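Report on the structure given below.
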Amino acid sequence: MITDALLLQLGYNASLVTLGATLLGMAAGVGGTFLFLRKRALVSDAISHATLPGVALAFIVMVSLGGDGRSLVGLLAGAAGSAALGLLIVSWLSTRTRLAEDAAIGAVLSVFFGLGVVLLTVIQSMRSGQQAGLEGFLLGSTAGMLRSDAVIIAVSAALTLALVLLLRRPLTLASFDPGFATATGQNTARTDLAMMGIVLAVTVVGLKIVGLILIVALLIIPPVTARFWTERTDRVVLVSGLIGGLSAYIGAALSAALPDLPTGPIIVLAGFAFFVISLILAPRRGVLAAWVHHRAFQKSVHLRQGLLALAQGQPIYEPLTLRLLRREGWALPDGVATDEGRGRAARALLDETRWQIIRRDPSFEAAAAHYDGLTPIERVLTADQIAEVDTRLPSARVVAP
Amino acid sequence: MMGAEFVSLSLPPVIIGICVAVACALPGNFLVLRRQALIGDAISHVVLPGIVVAFLLTGAVSTWPMLLGAAGAAVLAVAAIETIRRVGRIEPGAAMGVVFTTMFAGGVLLLEQSDTSSVHLDVEHALYGNLESLIWLDASGWGSLLDPDALAGLPVELVRMAATLAGVILFMFVFWRPLKISTFDEGFAQTMGMRTGALGLALVIVSAIAAVAAFDAVGSIIVIAMFICPPAAARMMTNRLERQVAWSVLFAVIAAVAGYVIAGYGPVWMGFAASVSAAGMIATLSGVILGLAAALGPHRRRGGTA
């Protein structure tokens, strides 16, 4: 059953929803990257909550015009309208008043959501009472989705993705280097507007699939995850789109296959799984990489200190140092140096002594700044300079190899 | 309208609403100034899995396990946000977004999986709360306020919220100066030997307690609104912190009382049969107040005295 779902074998509707969700996930991942890089990730929270009154109002209007009230296009149009209004208010509050952006976001999301809740209770008291489709917008639901709904979602997800891909160059430039973008004559205000338009589109299309509260996750988690893997602009966008698409695909397929698995939460949890894996495993920025780096550093510090102690005939008590020296074959279990160990120790002491000399000499100031007790002096000074330093060794003839 | 029916049906919800509004607005003043306004939003999302887990463990809708579960989830979330921010070197907003959406998703999934719909525990309840249902059946009129037997039948939410409000006020009173100094000039506070990190954490914990206590009674939406809107509106009115706090309390009380009244009686006055969500209306009204303050407030612009 699960493999059937992953291979799109569960029928036309389910496949269309899965494909639509995947396209939407990709669009969200790519669009969310720009939001994340502009440090405005939580604006999406305000946008998504602000869709609720629009959905409810659209329902009320459609019903009072004698319609069914559940037309997806109508509801999404309402969502887009009120979300756009919420976005305008956020930007008005944060630019024209003294409120910081986070307060503006919080104010808009709570007030719009509150108004939406009021309108929902109005709908509940309306005689027609067919608000069955509306709860789906809160938490997302693909169950009971009509064929026409699935088509609308798939098509608009594809359009959104196309829009994102079309605008990715100016968006990338404006997100990574707004100053440069402005200097090269790009209208960053307009680019920001386009970015918000994309986020709005993703949010509105995602409502039915993921739900208005969890669509935020689809815009935030993939870019944050992608950022672990690469330092390069275009690749963050690419990886983020990939992760967003994969999360949505896995989530939609699983929830189509298994009963009682709500789509939105599964998509979010799939995205979070990618996040955790990246947090741990990513090269350079991951936890594991950091730990390995730390261990290697720790090891070289202990070895170096151990060798210096051996060279100066001091006893070593520190167990980790002893163990490391023994593993390298430079010392015996009782802490006495082997022949090889004595050679290494002499070299380490020579290196250290040379460092001491150049650190006392102001003319070597730039080179001495590289001293960290680990870097071999050969990496900082030329052979000629070392030869000059060696003339100042206290008892050069004894120590030199 | 102000008779016996009012005392038993409307007085407790109004008082609870006021307690919630003020208990959230007070710490909200500092959260807004410290640019941590969205903490309330994050907390109210993450407590859902805590409440569900507590419910699954105890198998009953009882108050204390749920409060503990919610508090545990809030602490877990704060720790997770901090860990992700430091370990992953990710900006705070994004780290918060990752954590609260994921925990909320986990909570919804647990709910759907555990078939809790038969009990009064569902997502909508968690979001909207149920302020209207907190009635005082034992009251027979204003005289009941002096009758110990009737007072014993007050909704527990009222007692709990009043206690929470008292705790918040006490915290603000005791730590007023350190909070004020560390909010406006953290560096100066540190040179004076204040532990600003611990103070900031204490503020977040107090906010979380207020949010969790309010959550059960009135739902999350009003909590988020009250953390932000009254303080934000108050900030447009004055440049002095003391006056800002006073304004925020005033705005919170106005929103709570007027919101409840409009939700309960407004539709009836307009000729409709049913009332609308009080929590939603209180949040909406706090937004209207903020809108008015942002458009007309004497100190609405940044930096200047205009």
Side-chain angles (χ1 to χ4, degrees), chain A residues 36 39-42 44-45 89 92-93 96-100 102-122 124-125 135 138-139 211 213-214 216-221 223-224 227-228 260-262 264-269 271-272 275 279 285 287 290, chain B residues 32 35-38 40-41 45 84 87-91 93-98 101-102 104-106 108-109 112-113 123-124 127-128 219 221-222 224-225 227-229 231-232 235-236 263 267 272-277 279-284 286-288 290 294 297 299-303:
Chain A
F36 170 60
K39 300 199 190 318
R40 306 177 77 182
L42 288 172
S44 56
D45 204 16
I89 295 179
W92 180 76
L93 280 177
R96 291 300 172 80
T97 76
R98 66 199 306 183
L99 281 192
D102 67 327
I105 290 172
V108 165
L109 85 83
S110 56
V111 172
F112 271 68
F113 201 78
L115 183 62
V117 168
V118 168
L119 292 175
L120 281 187
T121 47
V122 171
Q124 269 165 11
S125 68
E135 281 100 43
L138 223 46
L139 299 168
I213 299 174
L214 293 175
V216 183
L218 217 51
L219 284 157
I220 294 183
I221 297 180
V224 173
R227 190 65 188 79
F228 281 114
D260 305 333
L261 276 192
I266 297 291
I267 292 179
V268 175
L269 292 176
F272 185 67
F275 169 80
L279 178 71
R285 287 173 66 108
V287 173
Chain B
V32 166
R35 311 212 158 183
Q36 293 179 316
L38 287 168
D41 181 35
H45 282 96
I84 289 176
V87 174
R89 278 162 288 167
I90 291 166
E91 52 131 346
M96 192 194 262
V98 169
T101 53
T102 302
F104 190 78
V108 173
L109 185 65
E112 301 276 330
Q113 288 290 296
V123 178
E124 281 170 46
L127 289 171
Y128 317 157
I221 196 61
I222 190 175
I224 307 170
F227 269 123
I228 300 176
C229 291
R235 192 148 153 59
M236 313 282 187
F272 294 101
S275 56
V276 296
S277 158
M281 190 51 90
I282 292 173
T284 307
S286 74
V288 172
L290 173 59
H299 295 277
R300 60 186 185 276
R301 301 237 186 271
R302 202 160 285 163

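Sequence lines set the chain letters: A, B, ... in the order given, protein chains first and strands last, and positions in each chain run from 1. Nothing here was measured: the structure is a model prediction, and the numbers come from that model. Every heavy atom of this structure was used, including side-chain atoms; hydrogens, water molecules and symmetry mates were not.
- Closest approach of Thr121(A) to Ser277(B), counting heavy atoms only: OG1-N, 3.0 Å.
- Residue Leu109(A) comes nearest to Ile221(B) through the heavy atom pair O-CD1, 4.5 Å, listed as atom of the first residue, atom of the second, then distance.
- When heavy atoms are compared at a cutoff of 4.5 Å, Leu38(B) approaches chain A by way of both its backbone and its side chain.
- Between Thr284(B) and Phe113(A), the closest side-chain pair of non-hydrogen atoms is not below 4.5 Å.
- Between Gln36(B) and Asp102(A), the closest heavy-atom pair is N-OD2, 3.4 Å.
- Ranked by heavy-atom pairs under 4.5 Å with chain A, the list Arg235(B), Arg89(B), Met281(B) is led by Arg235(B).
- Per-residue heavy-atom pair counts under 4.5 Å with chain A were compared for Ala232(B), Ser286(B), Ala263(B), and the maximum is reached by Ala232(B).
- Of the atoms belonging to Ile84(B), it is side-chain heavy atoms, and not backbone ones, that fall under 4.5 Å from chain A.
- The most heavy-atom pairs under 4.5 Å with chain A, out of Thr102(B), Ile224(B), Val87(B), Leu109(B), come from Thr102(B).
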Applying side chain to side chain contact (heavy atoms under 4.5 Å, CB included) to Thr97(A) and Arg301(B), what does each step give before you reach the verdict? CA-CA 5 Å; Thr97(A) 76; Arg301(B) 301 237 186 271; over 6 Å; no
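- In this structure a side-chain-to-backbone donor-acceptor pair under 3.5 Å is missing from Arg300(B) to Arg98(A).
- Using a 4.5 Å cut-off between heavy atoms, Leu115(A) contacts chain B through both its backbone and its side chain.
- Two residues are said to be in side-chain contact when any heavy atoms from C-beta on lie closer than 4.5 Å; Leu99(A) and Met236(B) meet this criterion.
- Across all their heavy atoms, Ala283(B) and Ser110(A) have their closest contact at CB-O, 4.0 Å.
- Taking a 6.0 Å sphere around CZ of Arg96(A), one finds it holds 12 or fewer heavy atoms contributed by other residues, nucleotides or ligands.
- In terms of heavy atoms, Ala105(B) sits closest to Pro265(A) at O-CB, 3.4 Å.
- Leu290(B) touches chain A through its side chain: at least one heavy atom from C-beta onward sits under 4.5 Å away, while N, CA, C and O do not.
- Contact of Phe275(A) with chain B is made through the side chain alone, with heavy-atom distances under 4.5 Å.
- The candidate with the highest count of non-hydrogen atom pairs below 4.5 Å against chain B, out of Val224(A), Val118(A), Val287(A), is Val118(A).
- Of the residues listed (Ile221(A), Ile220(A), Leu219(A), Leu269(A)), the one engaging Thr101(B) in a side-chain contact (heavy atoms from CB on, under 4.5 Å) is Ile221(A), and it is the only one.
- For Val32(B), the part sitting under 4.5 Å from any heavy atom of chain A is the side chain, from C-beta outward, and nothing else.
- To the nearest 0.5 angstrom, Phe104(B) atom CZ is 6.0 Å from Leu214(A) atom CG.
- Ile90(B) places none of its side-chain heavy atoms less than 4.5 Å from the side chain of Arg227(A).
- In this structure, the side chain of Arg285(A) engages the main chain of Gly88(B) through a donor-acceptor pair within 3.5 Å.
- Distance alone, capped at 3.5 Å, places no donor-acceptor pair between the Asp41(B) side chain and the Gly106(A) backbone.
- Most heavy-atom pairs under 4.5 Å with chain B, from the set Ile267(A), Leu261(A), Leu218(A): that is Leu261(A).
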